[in-house]
Amino acid sequence: MVFRVKQLVVYALSPLLLLFSVGQRAYAEDAHASGWSLLNMPQGVTGVSNDIYDLHMTVVWICVWISVVVYGVMFYSMFAHRKSKGYKAANFHESTTVELLWTILPVLILVWVAFPSTKSLIELYDTSEADIDIKVTGYQWKWQYEYLGEGVEFMSELTTSESSIYNETPKTEYYLSEVNEPLVLPVGKKVRFLLTAKDVIHSWWVPDLGVKRDAVPGFINETWAKIDEPGIYRGFCAELCGKGHAFMPVVINALPEAEYETWLADKKVAAAAEREMAKKTFTLEQLMAKGEAAYNRSCASCHMANGEGIPGAFPGLKGSAIALGPVAEHLDVVVNGVSGTAMQAFGGQLSEVDLAAIITYERNAWGNDVGDMVQPLDVLKFKQGQ
Amino acid sequence: MAHGPAKGIGRWLFATNHKDIGTMYLWFSFAMFILGGSFAMIIRAELFAPGMQLVKPEFFNQMTTMHGLVMVFGAIMPAFVGLANWMIPLQIGAPDMALPRMNNLSFWILPFGFSLLASTLFMEGGAPNFGWTFYAPLSTTYAPDTVNFFIFGIHIIGASSIMGAINIIATVLNLRAPGMTMMKLPLFVWTWLITAFLLVAVMPVLAGAVTMMLMDINFGTSFFDAAGGGDPVLFQHIFWFFGHPEVYIIILPAFGVVSAIIPTFSRKPLFGYSSMVYATSAIAFLSFIVWAHHMFTTGMPIAGELYFMYATMLIAVPTGVKVFNWITTMFKGSLSFETPMLFAIAFVILFTFGGFTGLMLAVAPADIQYHDSYFVVGHFHYVMVAGAVFSMTAAVYYWLPKWSGKMYDETMGKVQFWIAFIGFNIAFIPQHFLGLAGMPRRYADYALQFTDWNMVSSIGAFMYGAAQLMFLYNVIRTIVAGKPTSVEKTWEGAEGLEWTLPTPAPFHTFSTPPEVK
Ligand code: HEM
Ligand SMILES: [Cu+2]
Ligand SMILES: [Cu+2]
């Protein structure tokens, strides 16, 4: 009998113990090492994430102690006060003292928790005096990062291949948490994030930074982080945003300040070169090749790689009146989007070269054979002409 | 005038008898439970391993959405309305519900509402894919056209709930037997009375939310569209003003059930009847003023954030009072462990665990990490499945002999319990780990570090699913071939008017009101 009760108690408490027995463990890069050991919240690499972790552990332990008492009494009765053992029921009920006690005691515990929570929240909300401002824009299904005042901006998109998602090729180490270009940040600097979205609500979450904030279309939210250690930190979109919700990870590369400055300087040079490129003229082959790559990156998630779209949701471009019609209208749809639909304005997201290449590609791929070309300069003129 | 039920299909189509309507509600909700459960099985099968195996992400989103909608509005809510129909008149000594024809209507529009909703699965564009919380603008500007069917489905389901609630309020306030004062009402009646007021208060808010969506989608308004001066976050405020009370609508009747079963099998009265009534009222009141704890990451001003944090923490107090009461009721009782009691005890254990994670979620800075992760999925399945569904299962085993005049098979009941209990924990404990480790919810596919626990969770889910089929088998077997029983008081420790009636309960009961002392 005793043995049975012990078993019961252990069984009932094991989830709690498992959940909470995990000690402090920062995890940045080796998080994926073993799935079984992922039991607790990461401590993270910012002051805020550490505070959150401490708060989390405090509440966890409070819960553990309360559950020891509550489940303890319960399991004791289940063992000791059984009818099968001939135990006769007592008949007590209502006791004002007891009832006052179990009302007031929890209130006191809650007040005790409320103090550090309030403090952390105030800290978490203090976005003043930032060293760097970064605008984060959520799109279906990628993130755009803009270094405000530096003239540097880029799209950060998933690079995991469709074929590995559909199990045709092996999955790599950072399956679904790898991007073409991570957000690069300096350590030791207070970075303010200004979040918004262009279509639906997304949510930018990096557990190691203790940051999660919704990106709401038409509004700007603020939050911040000051990273203590260099490293690569991975996160995800946390708000359901359509079919690509699981496919728009966040990757941050935190560098020592000097390295960050070098990176930023290089990035500025590259941006200038990109603007230069827009003045060049390309051949049809060049445009088609560039266009296919860019189309698959930015458009295929909705219009599909074969240009046939998804009936009822996203129109096919193969044989579409717009893709086969006048260039100006085609440009208009792609550059300005179609308001009130999932078709975004790509004018601000893609370079002139990419836009020209994609449009050329759409007009000449999958059996569309308009035969004409759109050059980056055409796109530039179209934009300026508006 | 003693007459039995009408013959043939007419008995059900034109039913005004509370027992018949209750039975229909219960079967309907079980059908929905199986439907919503099969969606869950698809979800868990897809998540068994990383990579897309069975479905496409767009269909996966339809599954999570339909699973949530069908379980909340189709399985849990109608199940408790069915239980209310059966038990409230029996427990207060009334001959029937106060508004029998409206009772018929409120049931019969439900199948239409759910047909509208489910028919979208076969339409171009597919079923709703924006989550059971249907945040704008994903559910408006970016929704498939079938969203209009969803909107009208919700309207119909909401109207049904409101009618059901009005009927319960009218019955409890007007049809109590002489001597059945308010403070003598069984707790199941009390919790349902309070739930009914919650329903009447918040279902119209939900109707308002979907109507505003309808206007935004079809008539050019911009309630939730910033480009037209609206605000997507406004949608969330409206939704959760309905949504938080909704979660208590789901759990309060479950509290009532457990408060009936635990004293019976402890052979000892409930420890603090009046404090249970006050705690229920306190929970109901607080549930109106905590809604934005679902929105800690939306960028509310800090004052709002702090207020909603404190208010939410406060809800843990009356919830604790309930748990402490059940446990002190068991303490020094004379306990036996028949199937209803097993489910009731599991309810207390697991619901309490869900309460703990609720308390954790209430701590706003920590919720920044938990929010929209699998941790939240773990939390609400502990309170909704181990809470509402376990208590519902307990209720069926507890009252089935009274309803059918047949006894269920105790061994089979216990086997089902253990499969359900173990399967449930294997399915949902790992989801807490996954959430803490950083896996967001509503993900059709995941990074490799989440593989192991997802596999475990899926195995548990299949086990839990199998337990439900076994439950169905047990119930049907009892009705068809169970051992007949005519003992009035099925359980020696049971108290209450329903146990003074013959078994099975005749078609008409309490035609002359009983005297309550
Ligand atoms: C001690 C009492 C409870 C507290 C303090 C509490 C607190 C919370 C909080 C703060 C959240 C938001 C988490 C997030 O999204 O970040 C939440 C989510 C949720 N809770 Fe509770 N909760 C409690 C009990 C319950 C009960 C009794 C139910 C229903 C039976 C319930 C059902 C839910 C549901 C369905 C969600 C998720 C909704 C969604 O986003 O889909 N909770 N809870
Ligand atoms: Cu998302
Ligand atoms: Cu809530």
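Hydrogens, waters and symmetry mates play no part in the numbers below; they use all other heavy atoms, side chains included. From a predicted model like this one, the values you see are computed outputs, not experimental measurements. Lettering of chains follows the sequences in order, A, B, ..., and the numbering in each one begins at 1.
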Handout entry: Residue, of A366(B), A279(B), A447(B), that accumulates the most heavy atom pairs under 4.5 Å with chain A
Key = A447(B)

Completion exercise
Interface check, chain A: of S336(B), G272(B), P232(B), most non-hydrogen pairs under 4.5 Å belong to P232(B)

Practice task
With a 4.5 Å cut-off on heavy-atom pairs, point out which of Y125(A), Y166(A), Y76(A) contacts chain B the most.
Solution key: Y125(A)

Exercise for the section: Examine whether an atom of Q140(A) lies under 4.5 Å from a heavy atom of chain B, and if so say whether it belongs to the side chain, the backbone or both; otherwise answer neither. Expected result: side chain

Exercise for the section: Can you measure from CG (N129(B)) to NZ (K243(A)) and round to the nearest 0.5 angstrom? Expected result: 11.0 Å

Problem - Reported SG-to-CE distance for the pair C63(A) and M360(B), which is rounded to 0.5 angstrom - result: 6.5 Å

Exercise for the section: Could you tell me which portion of Y135(B) (side chain, backbone, both or neither) has an atom closer than 4.5 angstrom to a non-hydrogen atom of chain A? Expected result: side chain

Exercise for the section: Report the C-alpha separation of F75(A) and I349(B) in whole Å, then their side-chain angles, then the decisive distance to 0.1 Å, and conclude whether the side chain to side chain contact (heavy atoms under 4.5 Å, CB included) test is met. Expected result: CA-CA 10 Å; F75(A) 281 99; I349(B) 297 173; 3.9 Å; yes

Handout entry: Any donor-acceptor N/O pair, K212(A) side chain to H371(B) backbone, under 3.5 Å
Key = yes

Exercise for the section: Spell out, as yes or no, whether a donor-acceptor pair under 3.5 Å connects the side chain of E239(A) to the backbone of D372(B). Expected result: no

Exercise for the section: Find the distance between CG (D452(B)) and CH2 (W36(A)) and round it off to the nearest 0.5 Å. Expected result: 4.5 Å

Handout entry: CD1-OH distance between I52(A) and Y370(B), expressed to the nearest 0.5 angstrom
Key = 9.0 Å

Exercise for the section: Mind listing the closest non-hydrogen atom pair of P365(B) and S117(A) along with its distance? Expected result: CG-O, 3.4 Å

Exercise for the section: Sort out for me which of E94(A), K171(A), E178(A) touches chain B most, counting heavy-atom pairs under 4.5 Å. Expected result: E94(A)

Completion exercise
Under 4.5 Å to a heavy atom of chain A? For M439(B) that would be backbone

Handout entry: Structural part of T328(B) lying under 4.5 Å from a heavy atom of chain A
Key = both

Handout entry: Largest heavy-atom contact set with chain B, pairs under 4.5 Å, which of S49(A), S120(A), S77(A)
Key = S77(A)

Practice task
Check each atom of I122(A) against the heavy atoms of chain B and say whether the ones under 4.5 Å are side chain, backbone, both or neither.
Solution key: both

Fill in the blank from the handout: W453(B) and L38(A) have their tightest heavy-atom pair at NE1-O, 3.4 Å

Problem - Interchain contact, Y273(B) with chain A, by part (heavy-atom threshold 4.5 Å) - result: both

Exercise for the section: Kindly give the heavy-atom pair with the smallest separation between P207(A) and G438(B), and that separation in Å. Expected result: CG-CA, 4.3 Å

Handout entry: Per-residue contact mode, T341(A) against chain B (heavy atom under 4.5 angstrom)
Key = backbone

Handout entry: Portion of C241(A) that has a non-hydrogen atom of chain B nearer than 4.5 angstrom
Key = backbone

Practice task
Quick one: do F353(B) and S67(A) satisfy side chain to side chain contact (heavy atoms under 4.5 Å, CB included)? Show the steps, please.
Solution key: CA-CA 8 Å; F353(B) 187 86; S67(A) 62; over 6 Å; no

Exercise for the section: Could you tell me which of T118(A), V73(A), I109(A) has the largest number of non-hydrogen atom pairs under 4.5 Å with chain B? Expected result: T118(A)

Practice task
Select one option (side chain, backbone, both, neither) describing which atoms of A114(A) are under 4.5 Å from chain B's heavy atoms.
Solution key: both

Practice task
Answer with side chain, backbone, both or neither: which region of T58(A) has an atom nearer than 4.5 Å to a non-hydrogen atom of chain B?
Solution key: neither

Handout entry: Part of V70(A) lying under 4.5 Å from any heavy atom of chain B
Key = both

Problem - P301(B) versus chain A, the contacting section by heavy-atom distance below 4.5 Å - result: backbone

Problem - Contacting region of S274(B) [heavy-atom separation from chain A under 4.5 Å] - result: both

Practice task
Check whether A136(B) gets within reach of chain A through its side chain, its backbone, both or neither, counting any heavy atom under 4.5 Å.
Solution key: backbone

Problem - Atom group of N325(B) that falls short of 4.5 Å from chain A, counting heavy atoms - result: both

Handout entry: Per-residue contact mode, L121(A) against chain B (heavy atom under 4.5 angstrom)
Key = both

Problem - Structural part of F92(A) lying under 4.5 Å from a heavy atom of chain B - result: both

Problem - Part of Y310(B) within contact of chain A (heavy atom distance under 4.5 Å) - result: side chain

Exercise for the section: Under 4.5 Å heavy-atom distance to chain B, tell me which part of W102(A) shows up: side chain, backbone, both or neither. Expected result: both

Practice task
Provide the closest heavy-atom pair for G242(A) versus N61(B) in the form atom of the first, atom of the second, distance.
Solution key: O-ND2, 3.0 Å

Problem - Contacting moiety of E99(A), where chain B heavy atoms sit under 4.5 Å - result: side chain

Practice task
Let me know if Q62(B) has heavy atoms under 4.5 Å from chain A in its side chain, its backbone, both or neither.
Solution key: neither

Handout entry: Top of M123(B), M295(B), E305(B) for chain A proximity - count of heavy-atom pairs under 4.5 angstrom
Key = E305(B)

Exercise for the section: Can you tell which part of I345(B) gets under 4.5 Å to a heavy atom of chain A, answering side chain, backbone, both or neither? Expected result: both

Problem - Side chain, backbone, both or neither of F219(A) within contact of chain B (heavy atoms, under 4.5 Å) - result: side chain

Exercise for the section: Could you tell me which of I368(B), T141(B), V323(B), T329(B) has the largest number of non-hydrogen atom pairs under 4.5 Å with chain A? Expected result: I368(B)

Exercise for the section: With a 4.5 angstrom heavy-atom cut-off, could you sort out which part of L55(A) is near chain B: side chain, backbone, both or neither? Expected result: side chain

Problem - N40(A) side chain vs L436(B) backbone, donor-acceptor pair below 3.5 Å - result: no

Exercise for the section: Give a yes or no on this: more than 12 heavy atoms of other residues, nucleotides or ligands lie within 6.0 Å of atom CG of N167(A). Expected result: yes

Exercise for the section: Answer with side chain, backbone, both or neither: which region of A227(B) has an atom nearer than 4.5 Å to a non-hydrogen atom of chain A? Expected result: neither

Handout entry: Donor-acceptor side-chain pairing of D214(A) and T298(B) below 3.5 angstrom
Key = no

Problem - Options V98(A), T103(A), L240(A), ranked by heavy-atom pairs under 4.5 Å with chain B, top entry - result: L240(A)

Practice task
Using modelled atom types only, decide if a donor and an acceptor are shared between the side chain of Y87(A) and the backbone of L335(B) within a distance under 3.5 Å.
Solution key: no

Handout entry: Value rounded to 0.5 Å, distance of CG in D445(B) from CD1 in I165(A)
Key = 6.5 Å

Practice task
Would you tell me whether Y71(A) and T352(B) have side-chain atoms, one donor and one acceptor, within less than 3.5 Å of each other?
Solution key: no

Fill in the blank from the handout: dist F331(B):CZ -> H81(A):NE2 (nearest 0.5 Å) comes out at 5.0 Å

Exercise for the section: Sort out for me which of Q369(B), M330(B), K268(B), M313(B) touches chain A most, counting heavy-atom pairs under 4.5 Å. Expected result: Q369(B)

Exercise for the section: Considering only heavy atoms and a distance below 4.5 Å, find which of A316(B), A226(B), G299(B), G230(B) pairs most often with chain A. Expected result: G299(B)

Completion exercise
Okay, D51(A) and chain B: the region with an atom under 4.5 Å from a heavy atom over there is neither

Exercise for the section: Give, as side chain, backbone, both or neither, the part of D231(B) having an atom under 4.5 angstrom from any heavy atom of chain A. Expected result: both

Completion exercise
Nearest heavy-atom approach of A246(A) to A444(B) is CB-N, 3.9 Å

